[in-house]
Amino acid sequence: MSVLKIEDYTNLGISLAYFSLTAWIIWKIWVFFTPRDSHSVRSVAVLVLGDIGRSPRMMYHAESFAENAFITEVIGYGGSKPIPALERLPRVQLRYLPEPPEFLRFIPFIVAAPIKVSIQVVSILLELLVRIPKAPEFILVQNPPSIPTLALVWLVGCIRGSKVIIDWHNLGYSILALKVGKTHPLVKISEWFEKTFGRCAYAHLFVTKAMRDYLVEKWDLQGRKAILHDRPPHHFHRASSQETHELFRRLQIPLMAHKDLQGFLPQSSLPYSTAFTQVVPPSHSKPSSRSKATVESAYTEVQLPTVRPDRPALVVSSTSWTPDEEFGILLEALTLYEVHAQNAAKQSTKSKLPKVLMVVTGKGPMRDSYIQKVTKLQKTWEYVRCVSLWLEAEDYPILLGSADLGVSLHSSSSDLDLPMKVVDMFGCKLPVCALDFKCLGELVQNDVNGLVFKNASQLAEQFVNLLEGFPNSTPRLNTLRTNLINAASSSRGRSPQIASESDWYWGSWDENWNSTVKPLLFRTLP
Ligand SMILES: *[C@@H]1O[C@H](CO)[C@@H](O)[C@H](O)[C@H]1NC(C)=O
Ligand SMILES: *[C@@H]1O[C@H](CO)[C@@H](O)[C@H](O)[C@H]1NC(C)=O
């Protein structure tokens, strides 16, 4: 037996050090990738493959998770400001993905696209696998887009043991099919991808019952399922006449830029009156009502704007000006209304129809050609004007809240999703006339919160029916509005599960989330 030399000891020491270092690293990696145990703090990663601030539904999800004591990591792109709650709530962390490099915009799409996707994949994996130190218990992802997110969260789920929840907003392949045609190979690949990686998620949320039924039957979706209808942002409400007054003061210049409107709208003089509102000067108010009034109440009386009796009916629609939104129907309906109104004016027996200002918001490819058409048409019109307006985000809910009637021309690409703009209108207690499609009934109920139409002549008739007698007596319109107001207030304290099946029910996002999503997050439920 040879005697160990000093060098041997050194070598042994170094080997031991190497060995323990390796063991430590392996152990660290092992711990890192081991599925988390269920007793530690609850956590969720919310993945948005887009501007976080422009994904209201995903922001509400994040807010709800955080309010239910989840550590909430929101991963997505920056750009617009997220809702204040996400910056206020201490459990929420916003993790912004890097924007694709500038130079990609200057090279051909075919080269740029793979680079862009690779950067996206790496940055998402980096966040989900490395930057978020403890594996989140749940990963919530929206669909579409499906590629590559569905595969990524599936992979992360396998590695870190996080449970994947897919929020089905729509079907990616059906949107793609609208652009390239149903039989295109890309549509087939996209459908396969969505089905394969979507099928086996832990839980699924759907924007409509129709979507749940369709996917469960067609793809045999596994896992827990819940329907969570969209809700408008908290601050959407019926506008006060003060808000309406301020809005039309701001809109005076863009409105008057439309030459067609001069002579159509009632005369106004800022800041005391707009085309829709006025601050009644003291000399105009009735003496009888003021005889006993003190000086102070007379002061407040003159300060508050009221809606003008000679205002036109304000009808709003928002469109993306794309081929799948039938703007032509609206144009035809307005033409028919004009004829009805002129006839009614000639016949003394018929009740008169009001002037209608149709305001269309939104930007899109077919806007200019339609606007040219309408400008030409309304040269001969007396009762109707249709203008396209671009509104600031904060003005949009006030316009909806000031309007008398909303119009939805949305027809779904998949027949499985609902128009968010109608949800917004309902939030502002604005009744709608909505173009019929397969699952519209989950939102618009004919004669309860709006009217459903199939063609232009039907829409024109609805305009006549609802607006006859405007602004003094419009019983049908008032009933619809009252129903909207009641449904929102009576929802408090009712059980959504029972109510949603029978009569029309409008729970808040929080109520709906607590009763449908929360149960999915606990093991004890089937
Ligand atoms: C429009 O729809 C109504 C109701 O479905 C129908 O009775 C009417 O014939 C349709 N009109 C036209 C012009 O297609
Ligand atoms: C939903 O649940 C959260 C957390 O338990 C609670 O703070 C909130 O008030 C609930 N909201 C409604 C509308 O029930």
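Heavy-atom basis, side chains included; hydrogens, waters and symmetry copies ignored. For reference, positions follow the sequence shown, starting with 1. Every number for a ligand or one of its atoms is a count from 1 in the order of the listing.
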I need the atoms of ligand 2 closer than 4.0 Å to a non-hydrogen atom of [X], numbered in the order shown.
X: N514; result: 1 (C), 2 (O), 3 (C), 8 (C), 10 (C), 11 (N), 12 (C), 14 (O)
X: K518; result: 2 (O), 4 (C), 5 (O)
X: N68; result: 2 (O), 3 (C), 4 (C), 5 (O)

Here's one to test your reading of the geometry: is the NZ or CZ of R42 within 45 degrees of the ring axis of F522 and under 6.0 Å from its centre? yes
Within 45 degrees of the axis of the six-membered ring of F206 and under 6.0 Å from its centre: does K225 put its NZ or CZ there? no
Return a yes/no value for S508: is any of its N or O atoms, backbone included, closer than 3.5 angstrom to an N or O of ligand 2? no
Polar atom proximity, E67 to ligand 2 (N or O, under 3.5 Å): no
Flag, side chain of [X] to backbone of [Y], donor-acceptor distance under 3.5 Å:
X: T72; Y: F70; value: yes
X: T380; Y: L377; value: yes
X: E194; Y: G172; value: yes

Does any N or O of ligand 1 fall below 3.5 Å from an N or O anywhere on K454, backbone included? no
Interatomic distance, L140 atom CG to I166 atom CD1 [nearest 0.5 angstrom]: 9.5 Å
Hey, does V48 have a side-chain heavy atom less than 4.5 Å from the side chain of I75? no
Which one of D436, N455, L459, V452 has a non-hydrogen atom at the shortest distance from atom 3 (C) of ligand 1? N455
Considering only heavy atoms of S457, which atoms of ligand 1 have at least one such atom less than 4.0 Å away? 11 (N), 13 (C)
Mark whether atom 7 (O) of ligand 1 lies under 4.0 angstrom from at least one protein heavy atom. no
